[in-house]
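Numbering of ligands and ligand atoms starts at 1, following listing order.
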Amino acid sequence: MRRLLVSPALLLLGACQGVQSALAGDGHEGANFLWLFWLFVAVCTLMYLLVAAALIAAVWRRRRNDAPREREHDGSNSLLKTGLIAWVGLMAVGLVVLTVASFVADRSNASQTARPQLLINVTANQWWWDIEYVSSDASRIVHTANELHLPVGIPAQVQLKSNDVIHSFWVPSLAGKQDLIPGRTSDIQLLPRRIGLYRGQCAEFCGVQHANMALDVTVESRADFQRWIAAQQRPALAPQTPLELAGYRYVTTRECSVCHNISGTPASAKVAPDLTHFASRRSIAAGTLPMSKGNLYGWVADPQSQKPGSNMPTIGLEPQELHAVLAYLQRLK
Ligand code: CUA
């Protein structure tokens, strides 16, 4: 019984706090959904309480006057009539309030982001996100994976595609969900209102690693965003130490280069996450592990034990190869 009472409370607390919360309202659309949600809760709660009160009053009344039913017949009828009219009127008002509020929220969402200042392409894959910051100047296009940086107060248009099955793009703290459907392009507008670190999550079951298909979202000041994008536009840093050089040689000529791209190196494949600035990210493998040296060793040495079913194979690197690859990957800030 205690567990039954505690779990809804924990759920509500969990939903209110942290980096992934539909009750945060830290984006324009999220904030609209939030006040609309609370309005629905208030109106529906009021209706529910009124129905419950009417039911209790009716039972109480019936029990009280069992005897002189004849004399009260007329009075009861007129009371019932008044009550019914009042109830129908109240329901109509409640429904009109909810309809108007939904319309206002919808128009606000549509108008606010009509002129996006930032265009981002997000392509879903089992089980990671390919991200491209679009620019008319080809040298300024940025490719990254599993991380989204957004300047606060700037409306961004996110175009969504899928390379395999249906996924769903969802950053609960900022906005609603949008499906990514193979062969079609959908979109969602993001207008973050508060600087902070957030988490997005694929919200459509898409296979065994659906739960490990997350997205790190950083909302930052415009100046910080400009610094970030300028850093991302640069090619990968060159290896410096002999160990990094050995790692560079392995990564750019062996298995890794068959799938990954590292700008400024011979590795230019596009079927797996872009690694050009890999070490600047907050997590590994689409939010599966926090970025750290230990986790990176575990991931590269045996991805299939960390994220079974993913397309990253367990290669079976020799210890010295693993050290070298890790040294080079950590250089990719
Ligand atoms: Cu992609 Cu669930």
Side-chain angles (χ1 to χ4, degrees), residues 11 14-15 18-24 26-27 29-30 33 119-134 142-150 156-190 192 197-219 258-261 269-275 278 281-291 295-296 298-300 302-314:
L11 259 179
V19 293
Q20 183 182 324
S21 164
L23 297 180
D26 285 350
E29 192 176 305
F33 287 152
L119 188 58
I120 306 168
N121 288 332
V122 172
T123 307
N125 300 270
Q126 283 173 316
W127 292 275
W128 61 280
W129 307 91
D130 181 67
I131 312 234
E132 181 190 53
Y133 284 77
V134 179
V142 164
H143 265 110
T144 181
N146 307 318
E147 64 164 357
L148 209 51
H149 281 243
L150 298 167
Q157 166 105 353
V158 183
Q159 290 199 324
L160 303 166
K161 290 179 186 172
S162 170
N163 273 340
D164 35 51
V165 299
I166 299 178
H167 303 263
S168 180
F169 179 89
W170 192 30
V171 187
S173 304
L174 302 182
K177 298 174 187 174
Q178 184 61 261
D179 278 1
L180 304 94
I181 299 163
R184 282 174 62 176
T185 302
S186 48
D187 62 79
I188 189 168
Q189 282 76 34
L190 297 177
L197 303 179
Y198 301 99
R199 185 177 185 276
Q201 168 66 44
C202 179
E204 178 86 33
F205 181 73
C206 55
V208 285
Q209 291 298 337
H210 155 71
N212 283 327
M213 187 170 168
L215 185 67
D216 292 318
V217 182
T218 304
V219 177
V258 176
C259 297
H260 293 282
N261 176 66
K270 304 277 185 195
V271 296
D274 189 292
L275 298 180
F278 169 73
R281 296 178 196 155
R282 294 190 346 239
S283 68
I284 305 167
T288 306
L289 301 161
M291 179 65 79
N295 284 340
L296 202 49
W299 172 247
V300 175
D302 189 7
Q304 289 302 312
S305 74
Q306 307 285 342
K307 195 168 177 176
S310 75
N311 284 334
M312 173 98 164
T314 296

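- Closest non-hydrogen pair, M213 versus W129, comes out as O-NE1, 3.5 Å.
- In plain terms, the two heavy atoms of Q189 and Q157 that are nearest each other are NE2-OE1, 2.6 Å.
- Atom 1 (Cu) of ligand 1 does not have Q126 among its coordinating residues (no N/O/S atom, backbone or side chain, under 2.8 Å).
- Within H210, the N, O or S atom lying nearest to atom 2 (Cu) of ligand 1 carries the name ND1.
- Counting backbone and side-chain atoms alike, C202 contributes an N/O/S atom closer than 2.8 Å to atom 1 (Cu) of ligand 1.
- Counted by atom type alone, D302 and Q304 present zero donor-acceptor pairs between their side chains at under 3.5 Å.
- When each of D274, V158, L215 is checked for a side chain to side chain contact (heavy atoms under 4.5 Å, CB included) with I131, only L215 meets the rule.
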Verdict with reasoning, D179 to K177, per side-chain contact (heavy atoms from CB on, under 4.5 Å): CA-CA 7 Å; D179 278 1; K177 298 174 187 174; 5.7 Å; no

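- Sorting the N, O or S atoms of E204 by how far they are from atom 2 (Cu) of ligand 1 puts O first.
- H167 has its closest N, O or S atom to atom 1 (Cu) of ligand 1 at the position named ND1.
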